[in-house]
Amino acid sequence: MKLRRDVFQAIADPTRRAIITLVATSAMTPTAIAENFDYSRQTISKHIQILTECEILQQEQKGREIYYQLNSEGMKEIADFIEPFRKMWDVRFNKLEAVMKKHQ
């Protein structure tokens with residue numbers, strides 16, 4: 001059985017979160033991703049590898065180039081974990097808003 005890296009450890013790193021943000025809108029090559037950072041290409045490749053192993057990124061071969069894009073299914077695990085907290089905070093902020101309006 002192949003063990004998968006923990007998705008939450010992967011997104012704990014700010015560089016990996018920045019990579020996720022970069023590829024969220026369009027697929028990018030590793031070189032294009034690396035151009036956005038002051039790290040070596042090898043360092044960025046390691047971050048990309050971790051995100052791919054966690055199934056947050058997926059790769060697609062186009063000719064000689066490999067493009068990385070966001071894997072929405074991989075992000076679902078994160079979204080599912082965060083959803084109950086989002087609902088809780090929505091309720092709390094709505095209550096706070098009601099109190100603030102009452103005291104104006």
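Values below: every heavy atom of this structure, side chains too, minus hydrogens, waters and symmetry copies.
- Using bins of under 30°, 30° to 60° and over 60° for the plane-to-plane angle, the ring pair Tyr39/Phe37 lands in the parallel bin.
- Counting heavy atoms from C-beta outward, His103 and Val99 have side chains that approach closer than 4.5 Å.
- Remark: the backbone N or O of Ala10 is paired with a side-chain donor or acceptor of Arg16 at under 3.5 angstrom.
- Within the model, atoms SG of Cys54 and CD1 of Ile20 stand 9.0 Å from one another, a figure rounded to the nearest 0.5 Å.
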### Task
Report the C-alpha distance between Lys46 and Thr43 in whole Å, list the side-chain angles of each, state the deciding distance to 0.1 Å, and finish with yes or no for side chain to side chain contact (heavy atoms under 4.5 Å, CB included).
CA-CA 5 Å; Lys46 183 64 178 172; Thr43 300; 5.8 Å; no
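- Closest heavy-atom contact between Leu51 and Ile19: CD1-CG2, 3.8 Å.
- Between Arg86 and Glu83, at least one side-chain nitrogen of the basic residue sits less than 4.0 Å from a carboxylate oxygen of the acidic one, meeting the salt-bridge criterion.
- With contacts defined as side-chain heavy-atom distances shorter than 4.5 Å, the pair Thr52/Gln58 does not qualify.
- Checked against side chain to side chain contact (heavy atoms under 4.5 Å, CB included), Arg17 has the following partners two or more places apart in sequence or in another chain: Ile11, Pro14.
- At least one donor-acceptor pair under 3.5 Å links the side chain of Gln61 to the backbone N or O of Gly63.
- Counting only N and O atoms by type, the side chains of Glu60 and Tyr67 include no donor and acceptor under 3.5 Å apart.
- In the hydrophobic clustering of this structure, Leu96 does not group with Val91; members are Ile, Leu, Val, Met, Phe, Trp, Tyr whose side-chain heavy atoms approach within less than 4.5 Å, directly or through other members.
- Without hydrogens or angle criteria, Asn71 side chain to Glu55 main chain gives a donor-acceptor distance under 3.5 Å.
- The main-chain N or O of Arg41 is found under 3.5 Å from a side-chain atom of Ser45 such that the two form a donor-acceptor pair.
- In this structure, the side chains of Ile44 and Thr15 come closer than 4.5 Å at one or more pairs of heavy atoms.
- His47 contributes atom NE2, which lies 11.5 Å from atom CD1 of Ile33 (distance to the nearest 0.5 angstrom).
- Distance check, rounded to the nearest 0.5 Å: CD of Gln59 to CD of Gln49 gives 10.5 Å.
- By the neighbour-count criterion of 12 heavy atoms within 6.0 Å, atom CE of Met88 is densely surrounded, having more than that number from other residues, nucleotides or ligands.
- A donor-acceptor pair is defined here as one N or O able to donate and one able to accept, closer than 3.5 Å; such a pair exists between the side chain of Asn36 and the backbone of Ala32.
- The distance from the CD1 atom of Ile82 to the NZ atom of Lys87 is 13.5 Å, given to the nearest 0.5 Å.
- Between Trp89 and Phe85, the gap from one ring centroid to the other reaches at least 6.0 Å.
- Residues Gln69 and Leu57 fail the side-chain proximity criterion, which asks for heavy atoms closer than 4.5 Å.
- Asn94 places a side-chain heavy atom less than 4.5 Å from the side chain of Glu97.
- By the criterion of side-chain heavy atoms lying less than 4.5 angstrom apart, applied directly or through intervening Ile, Leu, Val, Met, Phe, Trp or Tyr residues, Ile50 is not grouped with Ile66; the two fall into different hydrophobic clusters.
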